[in-house]
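Accompanying notes for the structure given below.
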2 protein chains.
Amino acid sequence: MMPAHQSPAQQFAALGNPLRLEVFRFVIRAGREGRPAGEIAQHLDVAPSTLSGHLSALQRAGLLTSRRDRQRMIYAVDPGHVRDLVEFLLHDCCQGQPELCGLASAACDGGRPPD
Amino acid sequence: MMPAHQSPAQQFAALGNPLRLEVFRFVIRAGREGRPAGEIAQHLDVAPSTLSGHLSALQRAGLLTSRRDRQRMIYAVDPGHVRDLVEFLLHDCCQGQPELCGLASAACDGGRPPD
DNA sequence: GCTTTAATTCATTATTTCCCGAAATAATGA
DNA sequence: TCATTATTTCGGGAAATAATGAATTAAAGC
């Protein structure tokens with residue numbers, strides 16, 4: 001289905017472009033249902049071909065999925081991979097340190113205090 | 001002191017390079033104390049000039065701070081900005097959805113750790 | 001089969017990124 | 001001052017990225 005070479009670095013890089021980050025945020029707000037490419041392009045006022053490249057970059061990174069609905073391509077968030085990325089940032093990068101994770105630190109040590 | 005143009009996109013971009021992501025992880029593991037550039041270069045086996053560019057990119061993004069200790073430059077994590085980025089990802093991007101944030105979702109809807 | 005709609009691919013161009021070695025800068029100490 | 005150590009800046013070249021419009025593919029309906 002997908003090359004599945006989605007490293008955390010590649011995922012961060014995918015979010016590291018301002019327009020792509022907006023795409024990501026907009027698609028997430030569409031929930032499971034997702035949004036057709038045309039709607040995203042219209043909302044962000046960007047050329048279809050430009051958007052298409054960004055969508056496939058986000059998809060290659062594993063952050064979005066796509067399905068076809070009649071003539072339209074619907075993009076939606078890939079919850080599993082986003083969860084993995086969040087966990088990587090909190091656990092692996094920040095090691096659950098409250099100073100770095102803020103309120104989310106509770107989730108990093110499973111609610112247990114560090115020893 | 002600092003241009004302070006640290007958008008979330010720029011911060012993600014800074015983490016979007018494999019070597020820079022390793023630098024970030026290594027520096028975080030050094031805690032408040034931080035690590036001199038030379039030690040980082042040695043640990044990651046990278047040319048000093050190459051590392052210097054990556055360090056300043058991470059610093060421009062607001063993720064690291066630097067101070068001088070005699071001849072050496074010590075780099076350390078910038079906790080406040082990292083916390084902001086974590087919060088942006090969880091709150092703004094993922095809107096605290098448990099499906100996207102995993103265990104960290106507890107932090108997004110009020111910060112209570114799961115007891 | 002033809003037309004319309006929707007999205008992607010392609011080719012081009014411009015820009016940026018990345019890495020290296022060499023030179024420059026900064027701080028220290030003899 | 002001179003030498004040493006540590007890091008940054010500079011310059012260049014290769015590779016990757018981004019935006020654009022034109023052409024192409026895909027699905028649907030008549």
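The structure presented is a predicted model; accordingly, all values stated were derived computationally and were not measured. Letters A, B, ... are given to chains in the order of the sequence lines, protein chains preceding strands, and every chain is numbered from 1.
Listed by first and then second residue, the salt bridge (charged side-chain N to carboxylate O under 4.0 Å, His left out) pairs that reach into residues 7-18 of chain A come to none, sequence neighbours excluded. Here ring pair (Phe, Tyr, Trp, His ring centres under 6.0 Å) pairs that include residues 47-77 of chain B, with residues two or more places apart or in two chains, number zero. Counting only residues at least two apart or on different chains, no salt bridge (charged side-chain N to carboxylate O under 4.0 Å, His left out) pair has a member in residues 73-88 of chain A. Among residue pairs with one or both ends in residues 29-38 of chain A, those qualifying as side chain to side chain donor-acceptor pair (under 3.5 Å) are A:R32-B:E99, A:R35-A:E39; sequence neighbours excluded.
Rounding to whole angstrom units, CE of residue A:M73 and C1' of C:dT9 are separated by 14 Å. Summarising the geometry, the separation between CG on A:L51 and P on C:dA6 is reported as 14 Å, rounded to the nearest angstrom. A:L55 has its CG atom 13 Å from the C1' atom of C:dA6, to the nearest Å. One interatomic measurement links the two molecules: CD of A:Q42 to C1' of C:dA6, which rounds to 13 Å at whole-angstrom precision. Following rounding to the nearest Å, A:Q10 (CD) and C:dT17 (C1') show an atom-to-atom distance of 16 Å. Atom-to-atom, CG of B:L58 to P of C:dT17 comes out at 14 Å; the value is rounded to the nearest Å. Residue A:D45 contributes atom CG, which lies 10 Å from atom P of D:dT20 at whole-angstrom precision.
Contact between B:R20 and B:A57 at its shortest, heavy atoms only, is CD-CB, 3.9 Å. Residues B:A9 and A:L21 share a closest heavy-atom pair of N-CD2, 3.7 Å. Closest non-hydrogen pair, A:V86 versus B:C101, comes out as CG1-O, 3.8 Å. Between B:V77 and B:T65, the shortest heavy-atom distance links the atoms O-OG1, 4.1 Å. For the residue pair B:L63 and B:A14, the shortest heavy atom distance occurs at CD1-CB, 4.1 Å.
The salt bridge (Lys or Arg N to Asp or Glu O under 4.0 Å) test applied to B:R72 returns B:D69, not counting sequence neighbours. The side chain to side chain donor-acceptor pair (under 3.5 Å) test applied to B:D45 returns no partner, not counting sequence neighbours. In this structure, A:N17 has no side chain to side chain donor-acceptor pair (under 3.5 Å) partners at least two apart in sequence or on a different chain.
Relative orientation of the B:F12 and B:F88 rings is tilted, given thresholds of 30° and 60° on the angle between their planes. Ring planes of B:F26 and B:H43: parallel class, angle under 30° (limits at 30 and 60°).
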Pick out the pairs of N or O atoms, protein on one side and nucleotides 21-23 of chain C on the other, that lie under 3.5 Å.
{"from": "C:dG21", "atom 1": "N7", "to": "B:S49", "atom 2": "OG", "distance (Å)": "3.4"}
{"from": "C:dG21", "atom 1": "O6", "to": "B:S49", "atom 2": "OG", "distance (Å)": "3.1"}

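Side-chain atoms of B:Q59 and B:S66 form a donor-acceptor pair, as typed in the model, at a separation below 3.5 Å.
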For this session: Would you give a per-nucleotide map of nucleotides 24-30 of chain C, 5' to 3', where B means the base has a protein non-hydrogen atom under 4.0 Å away, S means only the sugar-phosphate does, and - means neither?
Result: ---BSS-
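For C:dT8, one of the phosphate oxygens OP1 or OP2 lies less than 4.0 angstrom from a side-chain nitrogen or oxygen of A:Y75. Between B:H54 and the phosphate of C:dT17, there is no side-chain N or O to OP1/OP2 separation shorter than 4.0 Å.
Proximity note for A:R72 (side chain, C-beta onward) versus C:dC20, C:dA7, D:dT8: the nearest is C:dA7.
Contacts of residues 30-40 of chain A with DNA chain D (heavy atom under 4.0 Å): none. Sorted by residue number, the list of members of residues 16-23 of chain B with any non-hydrogen atom under 4.0 Å from DNA chain D is empty.
The backbone N or O of A:G62 sits less than 3.5 Å from a side-chain atom of A:H81, completing a donor-acceptor pair.
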For this session: Determine which bases of DNA chain C form Watson-Crick or G-U wobble pairs with both distances under 3.5 Å, and write the result as a 5' to 3' dot-bracket string with | for other-strand partners.
Result: ||||||||||||||||||||||||||||||
